[in-house]
Visitor: 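Take this structure first; my questions come after.
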Amino acid sequence: MPELPEVEVVRAGLERHVRGATIAAVEVLHERPVRRHPSGPTGFAAALTGRRIEGARRRGKYLWLPLDDGDAILAHLGMSGQMLVQPVAAPAERHLRVRFALTGVGPEVEGRELRFVDQRMFGGLSVSVGGADLPSEIAHIARDPLDPAFDDAAFVARLRTRTSGVKRLLLDQTLISGVGNIYADEALWRTRLHGERPGNRLTRAQAVELLGHAREVMNEALAQGGTSFDALYVNVNGESGYFDRSLHAYGRADEPCDRCGTPIRRVPFMNRSSYYCPRCQPAPRSARPKA
DNA sequence: ATCGCGACCTGGTTGC
DNA sequence: TGCAACCAGGTCGCGA
């Protein structure tokens, strides 16, 4: 599943391969991915045909392509979305949803098209009116920790006013964007914090350390993922290569903790799972079953 | 303002 | 063997 580092790799690939290209035609093969676009597939295609793509930007896991008229294509990859730059003649992918015919000069564009492929269709595309600089649809989303303008002190202060468990807060896009289930668990493991510890029970030092670890984990993943996808075939295939090697908690139920050897525990969390070391990351009193 | 939960999706895997 | 249940999980919208 694409997390922030993978989305950044996709953004960089799009910047390189479709910047400057003009959209000659749009074909929507499944209407669900454009469900957020008010005028549907027809309006989506009409709004984009003839527009030139000026670049590729990102906030958290959202991507957008600024256009020459001040609008933007806003995209989210969801859990299984891919943006592919493919030869026009390449056979359609099994889950091809939207196809953008491109025209332009240079080998990056010639004979190629942009494809949105998404198996589970949690992802989506829409046209953001006037959204070239920052789509209004995502203006409420906080900056992500890899953004140079991310305000560390403000994040720490807000985190420490909240009563929710700190894992839930890490996933709150209005506080910090780009952190998903995997990196939340990894950042908590590194900080030796249990995800159910309330935000307002963290010391300032703990909150600062947690943010630092979240940033660190994502930077490490970006460093590894960035080398393996440097191809014309802009790809995120669900496997960043980082997952298998460097995870200490996520997906490691019953395996020994890399620090203390205690089996990693898996518990249900918001219709998914949390993984943590019960010894390094003891549950707060409030989360322990009453005797 | 904040909190917490269910719905949305598909396909691979697990369990009976 | 067949089929149902489960699992992955980011975001949105809802009621409290």
Side-chain angles (χ1 to χ4, degrees), chain A residues 1-8 10-11 28-38 58-64 74-83 93-98 116-126 128 135-142 144-145 154-155 157-188 195-202 214 218 221 236-240 242-244 247 249-254 266-276 284 286-287:
Chain A
M1 63 286 330
E3 297 236 6
L4 185 149
E6 292 76 35
V7 177
E8 172 56 24
V10 171
R11 187 208 61 76
V28 178
L29 292 95
H30 196 300
E31 66 178 28
R32 179 161 174 83
V34 298
R35 66 192 177 283
R36 310 283 307 175
H37 190 81
R58 182 187 60 74
R59 174 174 286 195
K61 297 174 193 169
Y62 279 96
L63 286 169
W64 70 96
L74 179 62
H76 196 290
L77 301 179
M79 290 186 55
S80 54
Q82 296 171 273
M83 286 284 203
E93 290 75 11
R94 178 151 137 116
H95 301 294
L96 177 61
R97 308 304 187 192
V98 181
F116 180 70
V117 177
D118 190 8
Q119 180 215 110
R120 277 138 123 175
M121 295 189 290
F122 271 50
L125 303 174
S126 61
S128 175
S136 60
E137 293 87 343
I138 60 168
H140 66 291
I141 301 285
D144 60 71
F155 168 77
R158 284 188 71 196
L159 188 74
R160 297 183 64 231
T161 68
R162 304 282 293 267
T163 59
S164 292
V166 67
K167 177 166 179 182
R168 184 185 293 275
L169 296 172
L170 283 176
L171 300 178
D172 182 342
Q173 299 293 294
T174 66
L175 279 177
I176 183 172
S177 68
V179 181
N181 200 41
I182 296 170
Y183 295 138
D185 279 358
E186 292 301 306
L188 288 166
E196 289 186 55
R197 187 168 294 279
N200 62 3
R201 298 289 300 279
L202 295 185
M218 290 197 286
V236 168
N237 233 339
E239 313 296 327
S240 77
Y242 177 75
F243 294 166
D244 289 343
L247 298 181
Y250 182 83
R252 297 196 57 217
D254 303 326
R266 170 179 175 266
V267 296
F269 172 78
M270 293 172 73
N271 279 334
R272 46 183 74 81
S273 298
S274 285
Y275 300 86
Y276 68 101
S286 59

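Hydrogens, waters and symmetry mates are skipped; everything else that's a heavy atom, side chains included, is used. Keep in mind the model is a prediction, meaning the values are calculated, not measured. Within every chain, numbering begins at 1; the chains are lettered A, B, ... in the order of the sequence lines, protein sequences first and strands thereafter.
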Visitor: Got more than 12 heavy atoms from elsewhere within 6.0 Å of CZ, A/R201?
Guide: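 Check fails, neighbour count at 12 or below.
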Visitor: Determine: side-chain N/O of A/H76 to OP1/OP2 of C/dC12, distance under 4.0 Å, yes or no.
Guide: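 Checking C/dC12 against A/H76, no side-chain N or O comes under 4.0 Å of OP1 or OP2.
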Visitor: Once salt bridge (Lys or Arg N to Asp or Glu O under 4.0 Å) is applied, do any residues pair with A/D118, and if so which ones, sequence neighbours excluded?
Guide: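 A/D118: no salt bridge (Lys or Arg N to Asp or Glu O under 4.0 Å) contacts found.
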Visitor: Using whole Å, what does the distance between atom P of nucleotide B/dG11 and atom CZ of A/F122 come to?
Guide: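 So the two atoms are 13 Å apart, to the nearest Å.
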Visitor: Would you say B/dC8 has OP1 or OP2 under 4.0 Å from some side-chain N or O of A/R35?
Guide: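 So the side-chain polar atoms of A/R35 never come under 4.0 Å of the phosphate oxygens OP1 or OP2 of B/dC8.
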Visitor: Taking only side-chain N and O atoms of A/R168, does any of them lie within less than 4.0 angstrom of OP1 or OP2 on B/dG4?
Guide: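 For B/dG4, OP1/OP2 do have a side-chain N/O of A/R168 under 4.0 Å.
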Visitor: Which residues pass the side chain to side chain donor-acceptor pair (under 3.5 Å) test with A/R266, sequence neighbours left out?
Guide: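 Only A/S273 meet the side chain to side chain donor-acceptor pair (under 3.5 Å) criterion with A/R266.
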Visitor: Please report the distance, rounded to the nearest Å, between CE in A/M121 and P in B/dA7.
Guide: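 For the pair A/M121 CE and B/dA7 P, the rounded distance is 19 Å.
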Visitor: What's the CG-P distance between A/L77 and B/dC8, to the nearest Å?
Guide: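 Atom-to-atom, A/L77 to B/dC8, this comes out as 22 Å.
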Visitor: If you compare every side-chain N and O of A/Y62 against the phosphate oxygens of C/dC12 (OP1, OP2), does one of them come in below 4.0 Å?
Guide: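 Result: yes.
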Visitor: If you check the A/R158 side chain, which of B/dG4, C/dG10, B/dT2 turns out closest?
Guide: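 Selected nucleotide (nearest to the side chain): B/dT2.
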Visitor: Using whole Å, what does the distance between atom P of nucleotide C/dC7 and atom CD of A/Q119 come to?
Guide: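 To the nearest whole Å, that distance equals 18 Å.
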Visitor: If you pin A/R266 and A/M270 to their nearest nucleotides in DNA chain C, which one's is more 5'?
Guide: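 Upstream on the strand: A/R266.
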Visitor: Hey, does A/F269 reach any base, or is it just sugar-phosphate, or nothing, if we go heavy atoms under 4.0 Å?
Guide: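 No contact.
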Visitor: Check the distance between B/dG4's P and A/L169's CG and give it to me in whole angstrom.
Guide: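 It is 9 Å, rounded to the nearest whole Å.
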Visitor: Can you sort out the partners of A/R162 under salt bridge (Lys or Arg N to Asp or Glu O under 4.0 Å), two or more places apart, ordered by chain and number?
Guide: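 Only A/D172 meet the salt bridge (Lys or Arg N to Asp or Glu O under 4.0 Å) criterion with A/R162.
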Visitor: What are the two closest non-hydrogen atoms of A/S136 and A/S128, and how far apart are they?
Guide: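 That would be N-OG, 4.0 Å.
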Visitor: According to side chain to side chain donor-acceptor pair (under 3.5 Å), who are the partners of A/K61, at least two apart in sequence or on a separate chain?
Guide: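 Result, side chain to side chain donor-acceptor pair (under 3.5 Å) vs A/K61: none returned.
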Visitor: Just how far, in rounded Å, is P of C/dG10 from CG of A/L170?
Guide: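 Atom-to-atom, A/L170 to C/dG10, this comes out as 12 Å.
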Visitor: Would you tell me if any nitrogen or oxygen in the side chain of A/R36 comes within less than 4.0 Å of OP1 or OP2 on C/dG13?
Guide: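 Checking C/dG13 against A/R36, a side-chain N or O does come within under 4.0 Å of OP1 or OP2.
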Visitor: Within the pair A/R94 and B/dG11, is there a side-chain N or O less than 4.0 Å away from OP1 or OP2?
Guide: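 For A/R94, the contact criterion (side-chain N or O under 4.0 Å from OP1 or OP2 of B/dG11) is met.
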Visitor: Ignoring the backbone of A/N181, work out which of B/dC3, C/dG10, B/dG11 is nearest its side chain.
Guide: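 The listed nucleotide nearest to A/N181's side chain is C/dG10.
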Visitor: Specify the closest pair of heavy atoms between A/M218 and A/P145, including all atoms of both residues, with the distance to one decimal.
Guide: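 For A/M218 versus A/P145, the nearest heavy atoms are CE-CG, 3.1 Å.
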Visitor: What is the distance, rounded to the nearest whole Å, between atom CG of A/N271 and atom P of B/dG6?
Guide: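 Answer to the nearest Å: 6 Å.
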Visitor: Tell me every residue that passes side chain to side chain donor-acceptor pair (under 3.5 Å) with A/R58, counting only those two or more places apart in sequence or in another chain.
Guide: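 For A/R58, the residues satisfying side chain to side chain donor-acceptor pair (under 3.5 Å) (neighbours in sequence not counted) are A/E8, A/D144.
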Visitor: Contact list please: residues 172-180 of chain A against DNA chain C, heavy atoms, distance less than 4.0 Å, in numerical order.
Guide: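 Heavy-atom cutoff 4.0 Å gives A/Q173, A/G180.
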Visitor: When you check the phosphate oxygens OP1 and OP2 of B/dG4, does a side-chain N or O of A/S164 lie under 4.0 Å from one of them?
Guide: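 Affirmative; the distance criterion is met.
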Visitor: Expressed in angstrom and rounded to an integer, what is the separation of A/K167 atom NZ from B/dG4 atom C1'?
Guide: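 Rounding to the nearest Å, NZ of A/K167 and C1' of B/dG4 are 15 Å apart.
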